[in-house]
Amino acid sequence: MVKITLDGVLSDVEDGIRLRDLAPPDALAAVVNGQPVDLATVIEEYADIHWLTFADEVGREIFWHSTSHLLAHAVKRLFPRAKLGIGPAIDDGFYYDFDVDKPFTDKDLKAIEKEMRRLASRGLPIRRRIFTKGKLEYYYRFWGEDLKLEIIEEIEDAEISVYEQDDFLDVCRGPHLDDTSKIGSFKLLSVAGAYWRGDESRRMLQRIYGISFPTAEELKDYLKRLEQAKASDHRILNRKLDLFDTYEEVGPGLILWKPKGTILRKVITDFWTAEHLKRGYQIVTSPHIARAELWKISGHYDYYKENMYLTSIEDKEYAIKPMNCPAHMMLYRSRKHSYRELPIRYAELGTVYRNERSGVVQGLLRVRGFTIDDAHIFCTPEQAPSEVADVLDLCLFTIDAFGYSDIKVELSLWDPDKGDKYAGTPEKWEHAQEVLEQVLVEKKTPYKRIPGEAAFYGPKIDIKLLDALGRSWQASTIQFDFNLPERFGLFYVGEDGSEHEVRVIHRAVLGSLERFIGGLIEHYKGDFPLWLAPYQVAVLTVTDAAADYGAEVAADLIDSGLRVVTDFSADKIGAKIRKHENQKVPYMIILGTKEAGQGTLTLRRHRKGDLGSFTLAEALRRFKQEIKQRR
RNA sequence: GCCGGAGUAGCUCAGUCGGCUAGAGCAGCUGUUUUGUAAACAGCAGGUCGUGGGUUCGAGUCCCUCCUCCGGCUCCA
């Protein structure tokens with residue numbers, strides 16, 4: 001007999017029993033003494049067992065990984081000459097990379113899916129086996145699987161586990177499902193080129209992406225969610241909202257903001273400016289181009305030249321600015337500073353241009369010209385903790401104002417083993433990292449430490465927003481910069497009368513305004529809260545007889561600071577309502593002869609419908625209240 | 001930059017195997033209608049089929065070049 005703990009309950013089982021014999025029907029695999037294992041595992045000694053189902057992250061990963069093997073199995077049957085790359089589970093499903101002569105077509109995907117279905121329905125047992133490295137090398141060499149050979153060359157162990165189902169075999173750590181029939185429902189979603197090992201200099205493989213679930217219903221739900229996500233794409237919503245546009249003649253990644261988009265930008269930047277002034281920032285403005293010399297001082301000319309647009313003026317080389325930092329450094333350097341003046345906080349909504357590679361530009365999220373809400377804080381090392389705390393506070397306040405309730409915080413640290421790759425002394429790094437981490441702890445902000453992720457110039461905190469559909473968006477960043485003060489020679493005169501290097505904290509709250517607005521459109525699905533909506537109120541008349549009254553009401557609303565659009569056209573009221581519902585205007589004011597006679601107005605809320613009769617004062621009170629609440 | 005897919009009216013789309021003058025809905029314009037909470041009616045106008053080249057008696061349709069967009073890879077000092 002062997003003792004086990006099953007879901008916390010201690011009991012005895014027979015020797016040699018397999019997990020499978022104890023497992024409930026929905027168990028995909030198990031965690032035994034902390035290790036995920038197959039259900040075929042034999043219990044030989046004390047085992048603390050927890051079942052893994054599709055509800056567990058690890059369980060899903062195993063499920064998807066097994067589906068990727070099923071995919072590879074099917075591909076090998078239909079395309080015997082295809083060579084196998086890697087096939088992991090990812091956040092949302094799985095992929096498998098293949099080296100094939102001809103890229104897969106949609107028809108191929110259909111055929112592969114059909115073959116997968118056939119293999120799954122056969123209920124093939126999935127078996128773990130141990131091969132010696134030599135035997136596995138021989139096997140893969142025989143089949144010409146050079147990518148697999150490359151992978152196993154890198155495995156140190158003498159014995160390697162493989163998983164086998166029918167005539168298909170794949171080197172794999174596991175664990176896996178024990179039977180292909182458990183893979184209830186799946187779909188191959190797309191095929192794309194992918195470099196072998198993500199290395200551009202190596203051959204391009206064909207990557208097939210897919211998703212799978214235990215039941216057909218779950219798959220259907222997932223596909224429905226995908227559809228919904230597609231419908232909330234900012235590029236699709238923009239067709240109705242009419243905020244921005246791009247033109248082939250203007251160039252890729254260059255956004256033209258239309259009137260309504262420009263209002264939205266202004267609302268956001270007005271909010272931003274007011275908040276920064278309140279918090280002791282000084283707003284500055286820097287030119288769009290600058291001599292190459294400036295970028296040589298900052299180092300961008302050496303490190304970042306490929307992404308910079310260069311031009312020449314009167315035989316002098318100039319660059320269109322890809323960053324705002326150097327200009328702020330120049331402003332600080334323009335005269336000597338006393339410790340008494342610090343901290344100095346320069347903030348700018350600076351538009352920068354970066355030559356992003358042609359294949360990556362996308363909507364508002366990846367563009368070549370964008371405005372960043374940059375600021376640089378110049379302070380003493382002693383002031384750094386409270387400055388970082390204030391910045392974090394500003395970020396969290398702003399994120400909340402824009403309706404995001406979920407965030408993900410990452411703390412990127414250096415890799416002390418690669419000391420020479422970094423600017424700044426180890427003392428500066430240690431101090432800065434401690435400051436950042438201490439602030440996160442004090443503010444009780446959950447965060448993830450990522451050693452080795454810091455840029456060469458300093459450690460940082462990144463804040464990512466999770467939107468209504470659970471997708472994450474890079475927004476705020478708080479970074480120390482040890483490089484620029486050194487390169488520009490930035491000092492302050494201390495209490496002791498001597499010069500000390502100033503500390504620079506570089507931070508952005510919204511990040512790229514373009515990307516932020518793209519995210520905001522998707523987060524709100526185009527239904528902006530009243531304070532953000534480009535047009536807040538539409539004044540609609542039922543008949544021409546109400547036009548004069550409508551003009552009066554509209555003028556009063558505009559006087560009260562509201563953003564108003566009017567429609568006094570000859571359309572029927574239903575058509576006008578439909579038009580403005582489609583444009584997602586938060587409020588409509590409907591005016592007919594009745595309202596004109598009584599001096600009242602009828603309110604309608606977007607998506608809610610008729611709210612009844614109000615006086616202008618009542619309506620204004622309601623608007624003001626809602627704007628104040630920013631909801 | 002690389003792999004794959006796509007580009008027909010302002011927008012959404014149809015256009016068969018290469019064969020009559022390239023169609024529809026919405027939007028626009030004109031007229032009629034004066035209307036009460038998600039689409040009044042009629043008429044008109046709108047296209048070098050992304051660009052340039054090629055094949056062909058004949059190209060929106062087939063081939064090549066370039067441009068742009070979409071999905072990925074990669075990049076994000």
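Because the structure is a prediction, the values reported are computed rather than measured. Letters A, B, ... mirror the listed sequences (proteins, then strands); counts begin at 1.
Between the CD1 atom of A:Ile86 and the P atom of B:rC73 there is a distance of 12 Å, rounded to whole Å. Atom CG in A:Leu188 sits roughly 16 Å away from atom P in B:rG72 (whole-Å rounding). As a whole-Å value, the separation of A:Glu581 CD from B:rA38 P is 8 Å. Here the C1' atom of nucleotide B:rG71 and the CG atom of A:Asp92 are 15 Å apart, to the nearest Å. If you measure from atom CG of A:Asp242 to atom P of B:rC26, you get 20 Å, rounded to the nearest angstrom. B:rG71 atom P lies 17 Å from atom CG of A:Leu109, rounded to whole Å. Rounded to a whole Å, the CD1 atom of A:Ile577 is 6 Å from the P atom of B:rA38.
Ring geometry, A:His506 versus A:His376: the interplanar angle falls under 30°, so the pair is classed parallel (tilted spans 30 to 60°). Relative ring orientation between A:Trp295 and A:His300 is described as perpendicular, the plane-to-plane angle rising above 60° on a 0-90° scale split at 30° and 60°. Using cut-offs of 30° and 60° on the angle between ring planes, the pair A:Phe213 and A:Tyr222 is tilted. The aromatic rings of A:Phe98 and A:Phe104 sit perpendicular to each other, their planes meeting at more than 60°, with 30° as the lower class boundary.
Among the nucleotides B:rG72, B:rA77, B:rC75, the one closest to the side chain of A:Phe456 is B:rA77. Counting only heavy atoms from C-beta on, A:Met204 has its side chain closest to B:rG72 among B:rA77, B:rG72, B:rC75. When distances are taken from the side chain of A:Arg366 to each of B:rC75, B:rA77, B:rC67, the shortest belongs to B:rC75. Set against B:rG36, B:rC75, B:rA38, the side chain of A:Val542 has B:rG36 as its closest nucleotide. Checked against B:rA77, B:rC73, B:rU37, the side chain of A:Val360 finds its nearest nucleotide in B:rC73. Closest approach to the A:Lys594 side chain among B:rG36, B:rU34, B:rA77 is made by B:rG36 (side chain taken as heavy atoms from C-beta onward). Listed nucleotides B:rG7, B:rA38, B:rA77 differ in distance to A:Tyr457; the shortest reach to its side chain belongs to B:rA77. Residue A:Arg207 places its side chain closer to B:rC73 than to any other of B:rU68, B:rU34, B:rC73. Set against B:rU68, B:rC75, B:rU35, the side chain of A:Glu248 has B:rU68 as its closest nucleotide. When distances are taken from the side chain of A:Thr602 to each of B:rU37, B:rA40, B:rG71, the shortest belongs to B:rU37.
Exactly one of A:Arg81, A:Lys83, A:Arg203 qualifies for a side-chain hydrogen bond (donor to acceptor under 3.5 Å, both in side chains) with A:Asp99. That residue is A:Arg203. With A:Glu514 as the partner, the side-chain contact (heavy atoms from CB on, under 4.5 Å) test is satisfied by one option alone out of A:Thr351, A:Leu365, A:Ile372, A:Val367: A:Val367.
Between the base of B:rG72 and the side chain of A:Gln206 there is no donor-acceptor pair shorter than 3.5 Å. Judged by distance alone with a 3.5 Å cut-off, a donor-acceptor contact links the side chain of A:Tyr195 to the base of B:rG1. Looking at A:Arg354, its side chain has no donor and acceptor atom pair within 3.5 Å of the base of B:rC75.
Aromatic rings from A:Tyr303 and A:Phe456 are positioned such that their centres are separated by under 6.0 Å. Aromatic ring centres of A:Tyr457 and A:Phe482 lie farther apart than the 6.0 Å criterion allows.
Applying the 4.0 Å criterion to OP1 and OP2 of B:rU12, one finds that A:Arg239 has a side-chain N or O inside that range. For A:Gln362 and B:rC70, the shortest distance from a side-chain N or O to OP1 or OP2 is not below 4.0 Å. Listed pair A:Ser358 / B:rG1 meets the phosphate criterion, a side-chain N or O lying under 4.0 Å from OP1 or OP2. Listed pair A:Tyr209 / B:rC73 meets the phosphate criterion, a side-chain N or O lying under 4.0 Å from OP1 or OP2. Listed pair A:Arg235 / B:rC70 meets the phosphate criterion, a side-chain N or O lying under 4.0 Å from OP1 or OP2.
When heavy atoms are screened at a 4.0 angstrom cut-off, A:Ala570 is found touching base atoms of the nucleic acid. Within the nucleic acid shown, A:Gln474 has no heavy atom closer than 4.0 Å to any nucleic acid atom. When heavy atoms are screened at a 4.0 angstrom cut-off, A:Asp302 is found touching no nucleic acid atom at all. Counting non-hydrogen atoms under 4.0 angstrom, A:Ala194 reaches the backbone sugars and phosphates but no base. When heavy atoms are screened at a 4.0 angstrom cut-off, A:Gly612 is found touching no nucleic acid atom at all.
Along RNA chain B, the nucleotide closest to A:Ser190 and the one closest to A:Asp199 are compared, and the more 5′ of them pairs with A:Ser190. For the pair A:Tyr303 and A:Leu603, nearest-nucleotide mapping onto RNA chain B gives the more 5' position to A:Leu603.
The existence of a salt bridge linking A:Lys321 and A:Glu348 is confirmed by a sub-4.0 Å separation between a basic side-chain nitrogen and an acidic carboxylate oxygen.
Taking the C1' atom of each, B:rA45 and B:rG10 are spaced 13 Å apart, rounded to whole Å. B:rA22 and B:rC26 have their P atoms separated by 22 Å, given to the nearest Å. B:rC3 and B:rU65 have their P atoms separated by 11 Å, with the value rounded to a whole Å. A distance of about 47 Å separates the C1' atoms of B:rC2 and B:rA39, rounded to the whole Å. Taking the C1' atom of each, B:rC29 and B:rG46 are spaced 10 Å apart, rounded to whole Å. For the P atoms, the distance linking B:rA27 with B:rA42 amounts to 13 Å, nearest Å.
Under a cutoff of 6.0 Å and an axis angle of 45°, A:Arg605 and A:Tyr587 form a cation-pi pair. The cationic atom of A:Arg207 (NZ for Lys, CZ for Arg) lies less than 6.0 Å from the six-membered ring centre of A:Tyr95 and within 45° of the ring axis.
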Contact pattern, 5' to 3', of nucleotides 41-46 of chain B - B, S or - by protein heavy atom under 4.0 Å: ------
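Residue A:Glu306 qualifies as open at atom CD: its count of foreign heavy atoms under 6.0 Å is 12 or below.
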Secondary structure of RNA chain B in dot-bracket form (Watson-Crick or G-U wobble, distances below 3.5 Å, | marking inter-strand pairs): (((((((..((((.....[...)))).(((((.......))))).....(.(((..]....))).))))))))....
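A:Thr600 and A:Thr615 share no side-chain donor-acceptor pair at under 3.5 Å.
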